[in-house]
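Below is one structure, written out as structure tokens, with a few remarks after it.
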Amino acid sequence: MRAVSTVILAAIAAIAVVASVGAVLAQAPPAQAPPIRAPFPAWQTEKITDDLYVIFGEGGNTTALLTDEGVVLVDVKFARGHDEIVNRVKALTDKPVKYVFNTHSHGDHTEGNAGFQPTATIIAHRNARAAMVEAKQPGVPQVSYTDSISVTLGGKEVVGRYFGRAHTNGDTWVYFPAQKVLASGDSFNNGLGNGGTGGFFGMFIAPGGSIVDITKTLDEVLKLDFDVVVPGHGPLAKRAQVVAWRAEAEAVRNRIRGMVRERRTKEEVTKMLIDEFRWDPNGIILARSVDSLMRELSQ
Amino acid sequence: MSRYLAIAVFLLLCPPVSAQNAPPPPVPLTIEAIAPDTYVVRGEGGNTTVIVSDEGVLLVDVKFERNFNDLVAKIKSVTDKPVKYVINSHSHGDHTGGNQKFQDASAVIIAHKNARAAMITGKQPGPPQITYTDQFGLQLGGREVIARYFGRAHTDGDTWVSLPAQRILITGDSFNTADGRGLNPTNSVTYAFFVAPGGSFQEVTQTLDAVLKEDFDIAIPGHGPVAKKADVLRWRNEIEKLRTRVTSMVREGKSTAEVHKMLVAEFGWDPTLDPVRRIQPLLDQVRR
């Protein structure tokens, strides 16, 4: 299948750049962990509506809203992707990028900030900004918010909402009301590899995030009126996939919590996630999050 | 008598150009340093706070449109950096009239969601590009401001801007020091406490209680000279006293004329400035 071969090609291409997957990999595992290859997709621009596009490529997905007065971007990948993003936006419009939303702090979504910052206003949740300051990341956002923020440009509105902890403690859900499109960040990924919550970019509870709170957060998200989702990673998705993702988050949580209460080992929990939830045995999520999931669910 | 009030309301709520009368020439502005790289521009309209950084200038409130050139000249007298951001403390034209011109010069305007909605309803020029609901932070060239909504007060979209490093709070019109008539909020001068549409005489004290939990020394009011935190506390207590007194009089069935007399006798309000009308929202609320 084309999608699979694309993933394999991208995986090969990504080997050289794995070291800088950014804050996601900041918490490096012990040396015996297998090398992790990020299966980023090939660069590609896809139309969602007449004025809304998604740019796939190395890093998290980039969403671009076009208006008569300028462009609003959501997430801007790695610094090395800046020129490619700029060229792809230029192929759609001659208007400048005026605003950039960061869905969260991680480098595969925010490293590109610095390149846009001289002329654009970067916006993130207060906790995401604080994480970027803490990690001394470049291109720290000028504007941060706590609850809700809205940008109007060329008569079009983009709304950033914080609904509580999920992937991190500073996840912005960027909503395009007129287009009924939601850019979710990594709190909803359309998992590559095996798919579902278990793919390479599956359901990852990073530092600050919460497997306990993510379902409450998703319940709030699902109150928004949207049809199409631009996931943090992976191809475009539909609302029903977010509903399914929420259900699976709850199932994963309940299963791990039960095993933690039975004092089962990390190895047993890991095996369960692979067997029952199809989590990628070589994926970043299994490597990074089993300890923290078990820790949170033992409280 | 009510002509003075009409002018005051006109200044507060209306765009500057009148069809019948030639507009008066703008009053010359003055700029005053409050803290390092932090200035207040006064003279006409609401106070403008100027926050200067290496990467550009941030303004809080931008007066009437007719003050634009003078305001820009005053800013240029202290920095050659461009104005990057403007925060509107609320929707009224004496604080937002310059929005459109600063937008044309590439500035980004930020206000509370309800303030923007009021500006759209009022068909005011230059509605803000960015709105928030609860709190936002803005960082520019090492300067930091935190802006918060604490609930209804002067309007239902009042933004309180703090400069944590300088221990300064910029209040908008929910705290005014009047025009040279002292700090008495219940003195019926032009810019005493005024509940505009959307504001609340009932909720203003709760809002001010939340504000007073903030850590600041200096209060830059919506109108009038720069004040201290203790002045904000006094203002809050005066408003509560006034509200309590008026509420009990209305509940005792006292007439509007008696309330008028009380305001003049006990709170020193100017009888020629139609004091009862200034508290009309409170009267309406109590009588409801």
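Just so it is clear, the values below take in all heavy atoms, side chains as well, and ignore hydrogens, waters and symmetry mates. All chains are named by letter (A, B, ...) in the order of the sequence lines, taking the proteins before the strands, and each is independently numbered beginning at 1.
Judged by distance alone, the side chains of A:Thr121 and B:Tyr85 do bring a donor and an acceptor atom under 3.5 Å apart.
Residues A:Ile149 and B:Thr131 have side chains not in contact (no heavy-atom distance under 4.5 Å, counting atoms from C-beta outward). Considering only heavy atoms from C-beta on, A:Ile123 stays 4.5 Å or farther from B:Phe136 through its side chain. Proximity of A:Val143 to B:Tyr132: side-chain heavy atoms (C-beta onward) are nowhere separated by under 4.5 Å.
Rounding to the nearest 0.5 Å places CD1 of B:Ile120 at 7.5 Å from OG1 of A:Thr152. Here A:Leu153 contributes atom CG and B:Gln129 contributes atom CD; the two are 7.5 Å apart, rounded to the nearest 0.5 Å. The distance from atom OH of A:Tyr145 to atom CG of B:Asp134, rounded to the nearest 0.5 Å, is 11.0 Å. Annotation: the span from B:Glu144 atom CD to A:Ser144 atom OG amounts to 7.5 Å, rounded to 0.5 Å.
The neighbour count for B:Lys74 NZ, taken as heavy atoms of other residues, nucleotides or ligands under 6.0 Å away, is above 12.
Remark: A:Phe226 engages no residue in a ring-ring contact (aromatic ring centres under 6.0 Å, His included) (not counting sequence neighbours).
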Assess whether side chain to side chain contact (heavy atoms under 4.5 Å, CB included) is satisfied between A:Thr146 and B:Thr133, documenting all intermediate values.
CA-CA 8 Å; A:Thr146 52; B:Thr133 52; over 6 Å; no

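For the set A:Arg129, A:Glu157, A:Arg126, the entry with the most heavy-atom pairs within less than 4.5 Å of chain B is A:Arg129.
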